[in-house]
Amino acid sequence: MGWKEYLLRRIIQLFFIVFIVLILNFLIINLAPGDPASIMAGELATKEYIEAVRQKWGLNKPIYERLISYVSNVVHGDFGYSFTYSQSVLSLIAERIPITLMLTLTSSILAFVIGLLLAVRSAQNAFSKEDIIVSNAMLVLYSVPSFWLGLVLIGVFGVGLRLLPTSGMTDVRAANTGLLLAIDILIHSILPISTLTAIQIPVYYKIARNSIVEQSSEDYALTFTMAGMNRSDLFRKYILRNSLLPPVTVFALHLGYILSGAVLVEIVFGWPGMGRLLLGAVYSRDYPLIMGIYLITSITVAFANFFVDILYVLLDPRVKYTNESS
Amino acid sequence: MKVHENKNLLESVRDFWNKYKKNKGGVIGLYSLLIILLVAVVVPFLPIYDPNSIQFGSFMPPSLAHLFGTDELGRDVLSRVLWGTRTSLSVGFGAALVSSLAGIILGSIAGYFGGLFDEVISRITEIFLMIPAFFLILLIASIYGSSIYYVILVIGLTTWPSTARIIRAQTLSLKEREFIYAQKVIGSSASRVLFIHLIPNAIQPVIANSILQVASAILLEAGLSFLGLGDPNLISWGKMIYNGSIYIFSSWWIAFFPGLAIVITVASLNMIGDALATVLNPRLEERGA
């Protein structure tokens, strides 16, 4: 399969994902018991508003016409309107995405580095006592609910030691600006970022450790060892490089998991990103907003996977080799 | 270990256990899960307080009378944690069962029949792997209501792709083997070959994956309940943590103990799943050296 063919295939897949996400959403609305218009409007909406929604989204028409009007509205960037916030869903979410990404990206990078370092240590002494202890500790950490870990950190560092702020993104009373504001945000983000980093470390650790262990038992590694190559040279030049790609793909595949973890952690820390928005939407049954968050996270994850796959092909020497020869 | 190898079943179980028990984490996880299962079964007969009784003082810290303290309504946290095992395990095992069944059926059809079946099912599997299950489940639970049966069904029906992938690969390699070919030659129907001969032999690697899915379903349910989307009629650890999070500054025990219960339960399952995966995947097993 050539490079262009692969790219085309992935682009078609991307379209399909977006399409299926939309269809699922459409089915959820239209198969629900009760009036789809009242779902599209949200539970707190007035009668007049529900009627307006019915007209706009064609909800009094047969189902295939509904589907067409639904897809065309969404494709034109109309994800619906939140009655509780009196604002379009897209702009509501767009405002909060950077605030959420600040947590998710920072913590993912930290977790990647820490997870990889631990994995290298573990894999170099594979099946030693240390490796087994660290591996099991990582399994336990992988079992910790993000929101609970956040609460435990609040209990220890916020309530017990009184070291760090536990809620919000800034100190509202201080009204800082400029550099002081940046420092303030940084201090407020320490606990949420630590929580999110901790829950992601096991994900990277596990995949990197297994990948290094598998690479070490590949034929080329055995051949080089028997030919007398220095162990650390072999590790640095060949094994580590070949083992690095799986953890990179994991980032994209786990983005959904990371975002859902981030949303729950934000709620615990009162971080003003998508999590708070979602919690409010769940409590006031603001369905358009919940749907918007589902649509936008799904589409983001699909695009992230797309870009990482493309990057993967560009980075992996083995894939490049087959392309040149074909 | 394979059924068609005609090995004594008891012998193969013993072989398997001998390999499994070398994995200390797996053994600890297994014993701990057995205890948790036992608690879930016998909890009505345990000498503990009524989990819904509000006759005690509110916000009582852990003491000999109330080992885990009492919550904002004066309910005994320990009894509620013990009763919560039922909700978590039901959702975990129920959802994993639904998702394994769906995955096995779709994966084996894709692998066995190939062609268009394979193309369509594989593409759908890839797509479902990428849709963030948590947000989809959340949307469905908020619109359709959150009875435990819905939660089980929805988690199960959104997490099947990993099983489908594994079983498809297994089916692909098994269908060329002689014992399957022999069945075709003697004229067995496709469904007979699939369900009687192929799936039972392909199922081994799925078991480890299914155990891990029980673990992740329990975490998903906890997250849903934390957002107020769990079954309102049941005692759920996630919901207890949410209630406790409001009082974290004064009464840490309300949120702490149910969370600890989640960690112990999910960690046991993850250790079992990991041990099974290691035993079943020789590449990750320890080499002689």
Side-chain angles (χ1 to χ4, degrees), chain A residues 13 16-17 20-21 24-25 28-29 32-33 39 126-127 132 135-136 139-152 154-155 158-160 166 206 210 213-214 217 252-253 255-257 259-261 263-264 267-268 278-279 281-283 285 287 290-291 293-294 297-298 301-302 305, chain B residues 23-25 28-29 123-124 126-136 138-145 215-216 218-220 222-223 226-229 237-238 241-242 244-245 248-250 252 255-256 258-260 262-271 273-274 283-287 289:
Chain A
Q13 191 194 31
F16 255 105
I17 295 172
I20 285 201
V21 165
L24 274 177
N25 200 0
I28 290 167
I29 302 163
I39 291 174
F127 307 106
I132 291 171
S135 288
N136 281 312
L139 276 180
V140 174
L141 190 56
Y142 189 60
S143 312
V144 176
S146 58
F147 51 94
W148 181 74
L149 183 62
L151 285 170
V152 170
I154 289 180
V159 185
T166 56
K206 191 179 174 185
N210 289 355
V213 170
E214 286 196 11
S217 64
L253 268 177
L255 192 60
Y257 166 84
L259 282 174
S260 53
V263 159
L264 293 168
I267 291 170
V268 170
L278 184 69
L279 186 68
V282 167
Y283 273 85
R285 290 290 187 265
Y287 301 123
I290 306 176
M291 283 182 249
I293 292 174
Y294 157 66
T297 47
S298 305
V301 172
N305 273 290
Chain B
N23 190 313
K24 289 240 168 55
I28 295 172
R123 292 296 88 76
I124 293 176
E126 275 168 19
I127 289 170
F128 265 87
L129 265 179
M130 278 186 221
I131 296 177
F134 182 74
F135 294 99
L136 179 59
L138 198 135
L139 174 63
I140 298 177
S142 73
I143 294 181
Y144 288 72
S216 72
I218 290 177
L219 282 179
L220 272 175
F226 182 74
L227 284 170
L229 289 172
W237 292 335
I241 296 175
Y242 183 72
S245 73
I248 190 73
F249 293 97
S250 51
W252 56 269
F256 179 75
L260 195 63
I262 297 179
V263 175
I264 294 173
T265 312
V266 175
S268 308
L269 287 157
N270 278 334
M271 283 177 168
D274 194 65
R283 287 191 82 182
L284 289 178
E285 243 181 299
E286 186 167 6
R287 312 237 149 197

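So you know, we letter chains A, B, ... as the sequences are listed, proteins then strands, and number each from 1.
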Measuring heavy-atom distances to chain A, does [X] have an atom under 4.5 Å in its side chain, in its backbone, in both, or in neither?
| X | result |
| --- | --- |
| B:L219 | side chain |
| B:L229 | side chain |
| B:A215 | neither |
| B:Y144 | side chain |

Can you confirm whether [X] sits close enough to [Y] that some side-chain heavy atom of one is under 4.5 Å from a side-chain heavy atom of the other?
| X | Y | answer |
| --- | --- | --- |
| A:V140 | B:M271 | yes |
| A:F16 | B:I127 | yes |
| B:F134 | A:T297 | no |
| B:L138 | A:L278 | yes |

Got a sec, which residues hit side chain to side chain donor-acceptor pair (under 3.5 Å) with B:N270, two or more places apart in sequence or on another chain?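 Scan of B:N270 (side chain to side chain donor-acceptor pair (under 3.5 Å), adjacent residues dropped) gives A:S143.
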Below 4.5 Å, heavy-atom pairs only: which of [options] has the largest tally toward chain B?
| options | result |
| --- | --- |
| A:V159, A:I29, A:L141 | A:V159 |
| A:G155, A:G158, A:P145, A:S146 | A:P145 |
| A:G261, A:G256, A:A281, A:S260 | A:S260 |

Would you give the length of the straight line joining atom [atom1] of [X] to atom [atom2] of [Y], rounded to the nearest 0.5 angstrom?
| X | Y | atom1 | atom2 | result |
| --- | --- | --- | --- | --- |
| B:L139 | A:I39 | CG | CD1 | 9.5 Å |
| A:I28 | B:L136 | CD1 | CG | 5.0 Å |
| B:R123 | A:I20 | CZ | CD1 | 11.5 Å |

Could you look at [X] and say if it's the side chain, the backbone, both or neither that has a heavy atom under 4.5 Å from chain B?
| X | value |
| --- | --- |
| A:V282 | side chain |
| A:L264 | both |
| A:L139 | both |
| A:Y283 | side chain |
| A:V144 | both |
| A:I132 | neither |
| A:L259 | both |
| A:N136 | both |
| A:L151 | both |
| A:L255 | neither |

How close do B:M130 and A:V301 get, heavy atom to heavy atom, and via which atoms?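 So the minimum-distance heavy-atom pair works out to O-CG1, 3.2 Å.
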Where does the angle between the aromatic ring planes of A:F147 and B:F226 fall among parallel (under 30°), tilted (30 to 60°) and perpendicular (over 60°)? parallel
Looking at [options], which one has more heavy-atom pairs under 4.5 Å with chain A than the rest?
| options | answer |
| --- | --- |
| B:S216, B:S142, B:A222 | B:S142 |
| B:A255, B:G29, B:G228, B:G273 | B:A255 |
| B:A141, B:G259, B:A267 | B:G259 |

Apply the test side-chain contact (heavy atoms from CB on, under 4.5 Å) to residues B:I143 and A:I290: give CA-CA distance (whole Å), side-chain angles for both, the deciding distance (0.1 Å), then the verdict. CA-CA 10 Å; B:I143 294 181; A:I290 306 176; over 6 Å; no
Applying side-chain contact (heavy atoms from CB on, under 4.5 Å) to A:S298 and not counting sequence neighbours gives A:V21, A:Y294, B:I131, B:P132
